[in-house]
Amino acid sequence: MKEKFEDIVDFCIDHYPSIIGVIAIIATGVLAVTSASTVAGYEVQLPELRKSIDDAKTELNKESTVEDDVEAMKVSTINARDIGNEVVKAQMVVADSYATHETPSEDDIAKAEEALKVIAKNVEGEARSNMWLRNSEWTFELKSVVNYTGVTSMPVIFTMTTTNGQLAGLVRAVYDSEAEQFKDVKVQYTAIGREEFSDVGGN
Amino acid sequence: MDKKFEYVICGLGIVALIVGVFITSSRNNAAEEKYTALASELRSLNNDIAITQKNDATKKQKLVQDATGISVDQVKEDASLAESFFKGAFTWTSGDEYNKNRESYIEKLGKNNTFVETYMQDNTTVDDYNKVDVFNLKSQWDTITMYPVKKINDSSYEYIAVVTFYLYKSSSDLDSKNKLTPSQAIISFRADGDDDARVISNVSAWSGFDS
């Protein structure tokens, strides 16, 4: 064993120039392979990087839509207010028609039917068939359109107030400017409001 | 083997290694430089986009404020203020905690305020037994939805808010809130004052019943 080792050492000493040369050539090969792999690693990422740069340039060169958005918001707010006020009037007409103890005239019936159509057109879903205003004496108004949350969906709130100025109920909804309708309608009454319910039909 | 030939192999190997080191290092550097330049360009563009978006958001807020008279930032701040003001009334897990919160609201609003009368009623106590603990009642705040309904002046707004909260008996009930029935409180209040001195006042409240 010892002799074999000494033979190897002797061989290495005798042929060191060849051994150094071979090791250098192998190292060159390893270097070439490693470098090719490193370069390929970068090359693979370049197309994606160039695409991201193009996308970013497109994004940056896009014209600002701020003014248009605000204009759209103003238009949507006006529409929400107009439609909200139409619904308010329609609810009051229907509540009035139920409040009368006399037999309603044909004209009153026609007005109530027209009002129900207005409600059906402007309110989405089940809420259109329920009367929100449960007492014709109450004041019903569109109190606020929250118009800074978005252009297509604007939360709105209507309030119902008793003749004594007490809050009788709230109607919360979202105005959908694309459908031009109120959706997600939630109607709530206060205890005072519930005490003053009168028969307005629909529920 | 001829010694000369061995020196030739050695020389060739060393030359190949030196040339190899030079070429690979040049190629690596070139690829890295190209990558770094593009990555830096992308970073710079993304930075510009972020600045543009921030500027647009500021401009939009200003335009919205000009158009509506309402400061979006102010409403957001008031939502946080309202949450910290009202949360205690809807977050308690024992009679002691309820009583402590109630005292705090009485101090701030007065005993006859409709908020105290509606949501912080007296926790009836008989012989050391109080209603909240006897019935094992607990309350958990969920959300507040605020509607600015009137602008008094530039820093003073009136709001109507709806607070959603859950009454429950055991903390495990909160693991599946969808099985609990949410309760809703209707509140109106005013927020005014500047920055740290901003306060909530004119608080009124009603219990809300679904239609």
Side-chain angles (χ1 to χ4, degrees), chain A residues 15-29 31-32 34-36 38-39 41-43 45-46 49-50 52-53 56-57 59-60 64-67 69-70 73-74 77 130 132 134 143-144 146-148 155-157 159 167 169-170 172 186-194 203, chain B residues 1 3 5-17 19-21 23-25 27-28 30-32 34-35 38-39 41-42 45-46 48-49 52 56-57 59-61 63-68 70 72 75 118 145-150 160 162 184 186 188 204 206-211:
Chain A
H15 299 284
Y16 75 90
S18 299
I19 291 168
I20 290 172
V22 168
I23 289 173
I25 288 165
I26 292 169
T28 307
L31 205 61
T34 313
S35 167
T38 307
V39 171
Y42 283 124
E43 294 287 343
Q45 295 179 62
L46 293 182
L49 213 50
R50 286 197 183 100
S52 300
I53 287 172
K57 281 180 179 167
E59 173 76 26
L60 204 57
S64 167
T65 58
V66 170
E67 273 94 357
D69 287 350
V70 172
M73 180 272 287
K74 284 182 192 168
T77 308
N130 293 338
W132 308 342
R134 304 292 296 271
K143 198 77 177 173
S144 177
V146 182
N147 48 10
Y148 47 79
V156 298
I157 190 166
T159 56
L167 185 71
L170 293 179
R172 293 183 291 146
K186 293 184 187 83
V187 188
Q188 285 170 309
Y189 300 96
T190 63
I192 298 160
R194 280 166 72 114
N203 288 283
Chain B
M1 203 185 291
K3 211 69 185 171
F5 179 67
E6 288 196 31
Y7 284 125
V8 169
I9 291 174
C10 179
L12 282 176
I14 289 169
V15 168
L17 184 60
V19 171
V21 166
I23 292 172
T24 54
S25 126
R27 284 188 63 199
N28 285 1
E32 191 182 346
K34 199 190 276 182
Y35 176 84
L38 288 174
E41 187 181 354
L42 182 61
L45 285 168
N46 282 337
D48 290 348
I49 290 171
T52 307
D56 277 359
K59 189 173 165 189
K60 190 172 180 177
Q61 278 197 12
L63 286 170
V64 168
Q65 189 169 346
D66 290 346
T68 63
I70 286 176
V72 181
V75 174
T118 312
T145 310
M146 300 204 342
Y147 300 85
V149 290
K150 195 174 178 186
I160 288 181
V162 177
Q184 293 191 315
I186 300 170
S188 79
S204 296
W206 303 264
S207 43
F209 301 98
D210 287 343
S211 58

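Because the structure is predicted, anything quoted here is derived from the model rather than measured. Lettering of chains follows the sequences in order, A, B, ..., and the numbering in each one begins at 1. Hydrogens, waters and symmetry mates are skipped; everything else that's a heavy atom, side chains included, is used.
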Using heavy-atom distances under 4.5 Å, tell me whether [X] contacts chain B through its side chain, its backbone, both, or neither.
X      : value
A:T77  : neither
A:K74  : side chain
A:L170 : side chain

#### Entry: Set of residues satisfying side chain to side chain donor-acceptor pair (under 3.5 Å) with respect to B:Y35, sequence neighbours excluded
A:Q45
## Note on the structure
Across all chains, not counting sequence neighbours, the side chain to side chain donor-acceptor pair (under 3.5 Å) partners of B:Q61 are B:D73
### Task
Identify which part of B:I49 has an atom lying under 4.5 Å from any heavy atom of chain A, answering side chain, backbone, both or neither.
both
### Region of B:A57 in contact with chain A, defined by heavy-atom distances below 4.5 Å
neither
Which one, [options], leads in non-hydrogen pairs under 4.5 Å with chain A?
options                       : value
B:T118, B:V8, B:T145, B:V75   : B:V75
B:V19, B:T52, B:D48           : B:D48
B:S25, B:S207, B:A30          : B:S207
B:I160, B:V162, B:V149, B:V21 : B:V162

Of all the heavy-atom pairs spanning [X] and [Y], show the shortest one and how long it is.
X      : Y      : answer
B:A39  : A:L49  : N-CD2, 3.6 Å
A:A27  : B:L17  : CB-CD1, 3.8 Å
A:I53  : B:L38  : CD1-O, 3.4 Å
B:P148 : A:S144 : O-OG, 2.7 Å
B:E32  : A:Y42  : CG-OH, 3.2 Å
A:A56  : B:N46  : CB-OD1, 4.2 Å

Just so I know, are the side chains of [X] and [Y] near enough to count as touching, which here means a heavy-atom distance under 4.5 Å?
X     : Y     : result
A:E67 : B:K59 : yes
A:T34 : B:T24 : no
A:M73 : B:K60 : no

Option in [options] with maximal non-hydrogen atom pairs under 4.5 Å from chain B:
options              : answer
A:I19, A:T65, A:I25  : A:I25
A:S64, A:G193, A:A32 : A:S64
A:T38, A:I192, A:L60 : A:L60

#### Entry: Spatial distance of atom CH2 (B:W206) from atom OG1 (A:T190) [nearest 0.5 Å]
8.0 Å
